[in-house]
Amino acid sequence: MDFYMRREFVIGICFVAAGVICASLFGYEYFSTYGFLNEYHMRAFAKADIDLPTLLANIVWKRGKLFLLIWILGYTPVRKIAPLFLRCAFFFVAGMFAGACMINMGLFGLAVFVCSWIPHGLLYLPALILMFYGCNPEAFGTERRLGKKIACVTSIFTLILLGCVAEATIGTRILQALFAHYPLSAISAMS
């Protein structure tokens with residue numbers, strides 16, 4: 001592992017740890033009592049009859065706005081620091097969410113955390129990488145620049161759309177199955 005990879009790994013671990021610590025110290029009451037991972041919300045989510053077209057439209061709207069903002073940032077002078085800022089923010093939020101899951105569900109919370117990113121996270125991540133590293137003008141060279149740009153933008157759009165569909169269908173079903181099989185009364189006992 002070279003120096004750059006080690007540095008990125010250490011930065012990621014530090015921000016994940018900071019997120020877990022912040023969730024434990026500052027968000028304990030919120031996440032354990034009022035938050036979205038309490039027993040009431042998990043029971044309701046596990047038994048909910050989800051309207052797929054409405055959920056998909058909501059996910060496309062929310063993720064679309066976020067990816068559009070990231071895309072716009074890629075064409076500003078902030079482009080140089082935006083990938084580092086996004087990685088740090090991603091690791092911090094992931095740490096907070098993992099901490100919140102573990103506050104409410106113990107080790108089962110780690111399974112919920114991992115499953116909450118599958119499969120759509122595996123599609124959103126390449127889209128982000130293409131946005132910042134694959135679609136910059138230097139990556140295209142001089143020949144067939146327009147064709148390469150169109151292929152890159154089409155790939156990003158397709159990955160985001162497939163991620164939204166996967167989040168609305170597969171990701172939701174995975175979480176519903178997890179919450180349905182978890183003894184939710186154990187959450188009340190831990191509080």
Side-chain angles (χ1 to χ4, degrees), residues 12-13 15-70 86-131 156-191:
I13 294 295
F15 274 91
V16 167
V20 170
I21 291 169
C22 283
S24 298
L25 294 178
F26 305 116
Y28 182 79
E29 184 178 347
Y30 173 75
F31 289 126
S32 62
T33 308
Y34 309 111
F36 58 95
L37 290 173
N38 63 23
E39 184 174 353
Y40 171 77
H41 286 109
M42 286 191 287
R43 279 188 198 279
F45 183 74
K47 295 179 181 179
D49 185 24
I50 296 174
D51 181 30
L52 185 60
T54 305
L55 178 64
L56 181 59
N58 188 18
I59 289 173
V60 168
W61 174 248
K62 294 212 182 270
R63 302 300 178 260
K65 288 189 301 187
L66 179 65
F67 279 106
L68 181 63
L69 176 65
I70 293 170
L86 284 173
R87 280 194 306 270
C88 293
F90 171 77
F91 286 127
F92 182 77
V93 169
M96 281 201 68
F97 186 61
C101 289
M102 289 171 40
I103 285 171
N104 283 327
M105 294 172 271
L107 288 179
F108 184 78
L110 286 178
V112 171
F113 170 73
V114 169
C115 290
S116 70
W117 293 95
I118 295 172
H120 53 279
L122 302 174
L123 295 166
Y124 292 151
L125 184 62
L128 283 171
I129 291 170
L130 276 176
M131 277 186 195
I156 291 170
F157 180 75
T158 303
L159 284 168
I160 292 171
L161 191 59
L162 287 174
C164 291
V165 170
E167 185 175 357
T169 56
I170 301 167
T172 303
R173 299 293 181 234
I174 289 172
L175 287 177
Q176 279 185 319
L178 273 175
F179 290 152
H181 289 95
Y182 183 68
L184 291 173
S185 58
I187 294 171
S188 301
M190 290 190 331
S191 301

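All residue numbers refer to positions in the sequence shown, counting from 1. As a basis for the values below, the full set of heavy atoms in this structure was taken, side chains included, without hydrogen atoms, waters or symmetry mates.
- Residue I170 holds its CD1 atom at 12.0 Å from CG of L175, rounded to the nearest 0.5 Å.
- The environment of NZ in K47 is sparse: at most 12 heavy-atom neighbours from other residues, nucleotides or ligands sit within 6.0 Å.
- Atoms CZ and CG, on F67 and L128 in that order, are 4.5 Å from each other to the nearest 0.5 Å.
- Annotation: side chain of F179 is in contact with side chain of V112 (closest heavy-atom distance under 4.5 Å).
- Interatomic distance, CD1 of I129 versus OH of Y124, reported as 15.5 Å (0.5 Å rounding).
- Heavy atoms of other residues, nucleotides or ligands lying less than 6.0 angstrom from CG of L107 number 12 at most.
- The distance from the CZ atom of F108 to the CG atom of L178 is 4.5 Å, given to the nearest 0.5 Å.
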request  = Applying side-chain contact (heavy atoms from CB on, under 4.5 Å), run through M131 and I70 and close with a yes or a no.
outcome  = CA-CA 8 Å; M131 277 186 195; I70 293 170; 3.8 Å; yes
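- Under the 4.5 Å side-chain criterion, counting only non-hydrogen atoms from C-beta, C88 is not in contact with L86.
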Distance-only donor-acceptor pairs under 3.5 Å for side chains of residues 56-63, two or more places apart:
unit_1	atom_1	unit_2	atom_2	d
R63	NE	E167	OE1	3.2
R63	NH2	E167	OE2	2.5

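- Closest non-hydrogen pair, L130 versus L159, comes out as CD1-CD1, 4.1 Å.
- For C115 against I174, the heavy-atom pair with the smallest separation is CB-CG2, 3.6 Å.
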request  = Run the numbers on W117 and L122 for side-chain contact (heavy atoms from CB on, under 4.5 Å), then give the verdict.
outcome  = CA-CA 8 Å; W117 293 95; L122 302 174; over 6 Å; no
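- Ring-plane geometry between F113 and F97 is classed as tilted, the angle between the planes lying from 30 to 60 degrees on a 0 to 90 degree scale.
- Across all non-hydrogen atoms, the minimal contact from A23 to A100 is CB-N, 4.1 Å.
- The two atoms that bring C101 and G109 nearest to each other are CB-O, 3.3 Å, heavy atoms only.
- In this structure, T169 OG1 and L52 CG are separated by 6.5 Å, a value rounded to the nearest 0.5 Å.
- T172 and A168 make their closest contact through OG1-O, 3.2 Å (heavy atoms, listed as atom of the first residue, atom of the second, distance).
- Rounding to the nearest 0.5 angstrom, the gap separating the CD1 atom in I160 from the NE2 atom in H120 is 13.5 Å.
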